[in-house]
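Below is one structure, written out as structure tokens, with a few remarks after it.
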2 protein chains.
Amino acid sequence: MGATKTDHFTDRQNSIATMIKALGHPARIAIIEYLIKVDTCICGDIVNELPLAQPTISQHLKELKNAGLIKGSIEGNSICYCIDKKAIEKLQDYFGNISLKLEKKNC
Amino acid sequence: MGATKTDHFTDRQNSIATMIKALGHPARIAIIEYLIKVDTCICGDIVNELPLAQPTISQHLKELKNAGLIKGSIEGNSICYCIDKKAIEKLQDYFGNISLKLEKKNC
DNA sequence: ATTTAATATTGCAATATTACGATAAAGATT
DNA sequence: AATCTTTATCGTAATATTGCAATATTAAAT
């Protein structure tokens, strides 16, 4: 095996898991945190910031983009990346809702 | 390769990524959501609920536990699992903080 | 038109993850 | 004590992820 059985879970569960999974790597956390700091930047900036090779950064950016966490707009030669606020809000809502539901419960 | 270069990121980044990563799988999302619904339960209940074999569920529970997202207390023969509120709050805070920082920015 | 700059893609090796059957471990039940 | 119940662990196959060198792509600059 090795393949996640996505067909056995709801679309919503798969969708939120995909989004969360994209953030479940320190390099991608670091990219997001760097983007928070600088607002927008190009791939090369991140390559200079993090100890990973350019293709690796490019791959991580692709994953973040596929998950909807960042947006990239072509700016002549380079691509200007930034965080998609809506995605972060979605995650915030998800965990906020869980917290709310847990308040009433005890364990 | 295939091994994450954890040594190149901060402890905080690695720690939050580990926690988030643990939730980045639909089965574990489903387990957490089931736990929210029933408050506490034993492994067997989850095995009955989800379309995965017992060893697979046990493995997912282990990962959630290692990440600090759930707690398990021995209850005679079985183990009573429940969500660790503090962990969820930590995640909520993390995304809440990001949202806050993003409010001031535009992209 | 050539060269330079910035990203993406390809191909590949190393490692990690997912899933499950078989089995072990440990307390409960008879 | 023997059996049942519940969960964990081991072993293993299939697949996915991570990381990078080499190369391709695309636009800018000369």
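A note on names: the letters A, B, ... follow the listed sequences, proteins ahead of strands, and every chain is numbered from 1.
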Touch check for A:L61, heavy atoms < 4.0 angstrom, all strands: base, sugar-phosphate only, or nothing?
nothing

Look at all strands and tell whether A:T56 reaches a base, only sugar-phosphate, or nothing, counting heavy atoms closer than 4.0 Å.
base

Tell me the interatomic distance from A:I20, atom CD1, to C:dT17, atom P, rounded to whole angstroms.
17 Å

Which part of the nucleic acid, if any, lies within contact of B:I57, taking any heavy atom under 4.0 Å across all strands shown: a base, the sugar-phosphate backbone alone, or nothing?
nothing

With distance as the sole test, does B:Q13 use its side chain to make a donor-acceptor pair with the main-chain N or O of B:T10 at under 3.5 Å?
yes

Length of the line joining B:D45:CG and D:dT6:P, which is rounded to integer Å
9 Å

For B:H60 and C:dA16, give me the distance from atom NE2 to atom C1', rounded to whole Å.
14 Å

Nearest-angstrom distance from the residue atom CD1 of A:I70 to P of C:dA8:
9 Å

Can a side chain N or O of B:H8 be found less than 4.0 Å away from OP1 or OP2 on D:dG19?
no

Atom-pair distance (CG on A:N48; C1' on C:dT7), nearest Å:
14 Å

Return the 5'-most residue of the pair B:T4, B:N77 with respect to DNA chain D, ranking by each residue's nearest nucleotide.
B:N77

Is A:H25 near enough to C:dA16 that one of its side-chain N or O atoms lies under 4.0 angstrom from OP1 or OP2?
no

Which part of the nucleic acid, if any, lies within contact of B:E75, taking any heavy atom under 4.0 Å across all strands shown: a base, the sugar-phosphate backbone alone, or nothing?
nothing

Charged N-O contact under 4.0 Å between A:E33 and B:K101
no

With a 4.0 Å cut-off on heavy atoms, is A:L52 in touch with a base, just the backbone sugar-phosphate, or nothing at all?
sugar-phosphate

If you pin A:T6 and A:Q59 to their nearest nucleotides in DNA chain C, which one's is more 5'?
A:Q59

Closest to the A:I42 side chain: C:dT7, C:dT18, D:dA22?
C:dT7

Whichever of A:I74 and B:C43 has its nearest DNA chain D nucleotide further upstream toward 5':
B:C43

B:Y81 side chain near D:dA8 phosphate (N/O to OP1/OP2, under 4.0 Å):
yes

Return whichever of B:G2 or A:K5 has its heavy-atom-nearest nucleotide of DNA chain C closer to the 5' end.
B:G2

Whole-Å gap separating C1' (D:dG19) and CZ (A:R28):
12 Å

What does A:K65 touch in the nucleic acid at a heavy-atom separation under 4.0 angstrom: a base, only the sugar-phosphate, or nothing?
nothing

Please report, rounded to the nearest Å, how far the C1' atom of C:dA16 is from the CD atom of B:E63.
10 Å

Pairing residues for B:F9 by the ring-ring contact (aromatic ring centres under 6.0 Å, His included) criterion, not counting sequence neighbours
none

Under 4.0 Å between a side-chain N or O of B:K21 and OP1 or OP2 of C:dT17?
yes

Under a 4.5 Å cut-off applied to non-hydrogen side-chain atoms, are A:M19 and A:K90 in contact?
yes

Gap between atoms CG and C1', on B:L23 and C:dT17 respectively (whole Å)
16 Å

Counting only heavy atoms not in B:I74 (residues, nucleotides, ligands), do more than 12 fall under 6.0 Å from its CD1?
no

Distance criterion of 3.5 Å, no angle test: do you see the side chain of B:Q54 paired donor-to-acceptor with the base of D:dA8?
yes

Between B:R28 and B:K21, is there a side-chain heavy-atom distance shorter than 4.5 Å?
no

So what does A:S58 hit on the nucleic acid, given a heavy-atom distance under 4.0 Å: a base, only sugar-phosphate, or nothing?
base

N or O in side chain of B:K62 less than 4.0 angstrom from D:dT7 OP1/OP2:
no

